[in-house]
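Letters A, B, ... are given to chains in the order of the sequence lines, protein chains preceding strands, and every chain is numbered from 1.
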2 protein chains.
Amino acid sequence: MVADSRAKRPSQDSRRTAILEAAAQVFFEQGYAATSIDAIIERIGGSKRNIYNEFGNKEGLFTALVSESADTALSALSVGGFEGRSLNEVLLEFGRRLLEIYMSPGLIGVYRSIMPEALRFPELAKDFFDKGPGRASDRLAEVLAEARDRGEIDLDDCHAAADHFVGMFRDNLHLRVVLGLRPPPSPAEAEAAVTSAVGIFLHGIYGIDRAGRPKGR
Amino acid sequence: MVADSRAKRPSQDSRRTAILEAAAQVFFEQGYAATSIDAIIERIGGSKRNIYNEFGNKEGLFTALVSESADTALSALSVGGFEGRSLNEVLLEFGRRLLEIYMSPGLIGVYRSIMPEALRFPELAKDFFDKGPGRASDRLAEVLAEARDRGEIDLDDCHAAADHFVGMFRDNLHLRVVLGLRPPPSPAEAEAAVTSAVGIFLHGIYGIDRAGRPKGR
DNA sequence: CTTGACTGGTAATGTACGTTACCTTACCAG
DNA sequence: CTGGTAAGGTAACGTACATTACCAGTCAAG
């Protein structure tokens with residue numbers, strides 16, 4: 001596409017990111033269809049020509065925004081740091097990262113805005129899923145498979161279990177935040193949600209006592 | 001899909017439901033902002049006056065549609081039939097109903113269309129949540145509390161656990177269906193997802209063997 | 001049959017928006 | 001300093017849409 005190595009004008013790259021930031025605010029709050037290019041330009045000044053020169057059209061801007069948002073938000077899960085720790089600790093850390101990502105304004109906004117456009121932009125929906133929730137589930141499935149190979153657990157379908165685990169972090173708490181019915185959880189609430197989910201995932205409700213610690217085993 | 005063309009007396013009620021059915025198809029597929037009143041009228045014939053006489057404006061039609069869809073879809077959870085059965089059986093039955101509801105075209109469509117409009121229609125978002133996912137979680141929390149009172153389980157926060165359970169049915173499988181990346185699950189897939197989720201919820205991954213049956217206890 | 005209330009169809013109105021044509025400015029080489 | 005090139009800005013164009021008006025049928029009752 002553009003291979004302009006030298007920056008002639010005042011930082012073409014900062015212009016692009018400024019547009020994306022403004023677009024995020026408007027798209028994620030109003031939705032794709034209800035967002036006007038004028039509303040985006042109002043936030044950063046300048047002219048609509050900037051957007052059309054950089055992204056081609058409204059679709060191009062939206063797809064670039066969703067793709068980059070999903071990519072950067074979920075990259076935090078790719079880093080390791082899980083070696084040599086117990087499954088309980090690994091799941092707790094994984095859950096903390098996952099919840100923080102899911103509750104971040106960026107991913108909340110992507111959720112809100114991509115839903116009704118998924119049928120209109122099938123390739124974008126697939127890209128978002130693969131980069132985001134799909135990658136999270138795949139990554140966790142690897143972790144579970146490693147634990148199984150070490151003999152810690154005895155799971156048949158690691159991927160199905162990983163899906164269930166990921167789903168526990170998109171529960172009604174997450175839905176309320178997405179719908180704007182409550183603010184994102186405080187650190188204390190988040191930690192409580194993570195420990196609760198990990199406890200149930202590992203030991204089930206039969207195996208947890210009132211303090212949240214595993215009963216047997 | 002209008003039932004009878006013989007009756008020139010369309011009995012306001014059947015006209016109302018015909019409008020709502022057509023509106024569901026268009027709103028749920030295109031999204032609120034991208035849907036035009038003309039597109040709805042095209043499906044059932046007649047004049048736009050019908051819609052404006054019955055629902056006032058576009059907002060009124062959308063809110064009526066979302067409210068009634070959530071109400072009817074989730075009403076299946078309100079019926080009882082859980083008395084005198086083991087917790088495992090109750091959760092399996094509850095999960096089956098829940099998954100069927102979540103995968104129904106009606107609720108999938110509500111999901112798709114309400115997300116970006118939640119900030120614009122806060123009271124509608126609250127209404128949808130309370131009638132839908134909130135009620136499911138409340139109902140399950142009651143079931144869990146009854147089981148606790150019978151001494152079957154030992155849970156501190158039944159509502160948090162219920163939220164986690166409900167979340168397991170809005171996992172990546174559900175997300176893929178909402179995003180149009182795959183069709184709703186077959187009955188066999190649905191049953192497998194339910195048994196898997198209930199197994200983890202009750203016994204955790206430490207307590208399930210390869211056949212999906214609980215290991216200890 | 002006449003009246004009245006309602007429905008269907010067409011079109012008008014006012015507005016908002018995506019996109020583009022055209023002008024204006026800033027930067028660069030020579 | 002000058003001419004050329006590309007980006008920035010202004011305004012227009014064409015369209016689509018929510019909403020309303022207007023007129024023509026159509027059924028119910030009197």
Would you call B:E68 and B:R16 a salt bridge, taking side-chain N to carboxylate O under 4.0 Å as the test?
yes
Separation of atom [atom1] in [X] from atom [atom2] in [N], rounded to whole Å:
| X | N | atom1 | atom2 | value |
| --- | --- | --- | --- | --- |
| B:I41 | C:dT10 | CD1 | C1' | 13 Å |
| B:N53 | C:dT7 | CG | P | 6 Å |
| A:R49 | C:dT25 | CZ | C1' | 15 Å |
| B:N50 | C:dT7 | CG | P | 6 Å |
| B:I51 | C:dG8 | CD1 | P | 11 Å |
| B:E42 | C:dG8 | CD | P | 16 Å |
| B:Q30 | D:dA16 | CD | P | 14 Å |

Only pairs at least two apart or in different chains count here, so list each salt bridge (charged side-chain N to carboxylate O under 4.0 Å, His left out) that has a residue in residues 110-120 of chain B.
B:E117-B:R120
Quick one, which residues of residues 113-125 of chain A touch DNA chain D with a heavy atom under 4.0 Å?
none
Quiz item: cation-pi between B:K58 and B:Y52, 6.0 Å / 45°
no
Can you list the residues that meet the side-chain contact (heavy atoms from CB on, under 4.5 Å) rule with A:A23, with sequence neighbours excluded?
A:F27, A:I40, A:L61, A:L65
Phosphate contact (C:dG8 OP1 or OP2) by B:R15 side-chain N/O below 4.0 Å:
yes
Set of salt bridge (charged side-chain N to carboxylate O under 4.0 Å, His left out) partners for B:R176, sequence neighbours left out
none
Contacts of type salt bridge (charged side-chain N to carboxylate O under 4.0 Å, His left out), residue B:D71, not counting sequence neighbours:
B:R135
So, using ring-ring contact (aromatic ring centres under 6.0 Å, His included) as the criterion, who are the partners of B:H164 when residues are at least two apart?
none
With [X] via side chain to side chain donor-acceptor pair (under 3.5 Å) - residues at least two apart:
| X | result |
| --- | --- |
| A:S36 | none |
| A:E146 | none |
| A:D157 | none |

Mind listing the residues from residues 21-29 of chain A sitting with a heavy atom below 4.0 Å of DNA chain C? Number order is fine.
none
What is the base-pairing partner of C:dG30, counting Watson-Crick and G-U wobble geometry with both distances under 3.5 Å?
D:dC1
Could you list all the side-chain hydrogen bond (donor to acceptor under 3.5 Å, both in side chains) pairs where at least one residue sits in residues 178-193 of chain A, not counting sequence neighbours?
A:R96-A:E191, A:R182-A:E189, A:S186-A:E189
Just the atom pairs and distances: protein N or O near nucleotides 15-18 of chain C's N or O, under 3.5 Å.
{"unit_1": "C:dG18", "atom_1": "OP1", "unit_2": "A:T35", "atom_2": "O", "d": "2.8"}
{"unit_1": "C:dG18", "atom_1": "OP1", "unit_2": "A:K58", "atom_2": "NZ", "d": "3.0"}
{"unit_1": "C:dG18", "atom_1": "OP2", "unit_2": "A:I37", "atom_2": "N", "d": "2.8"}

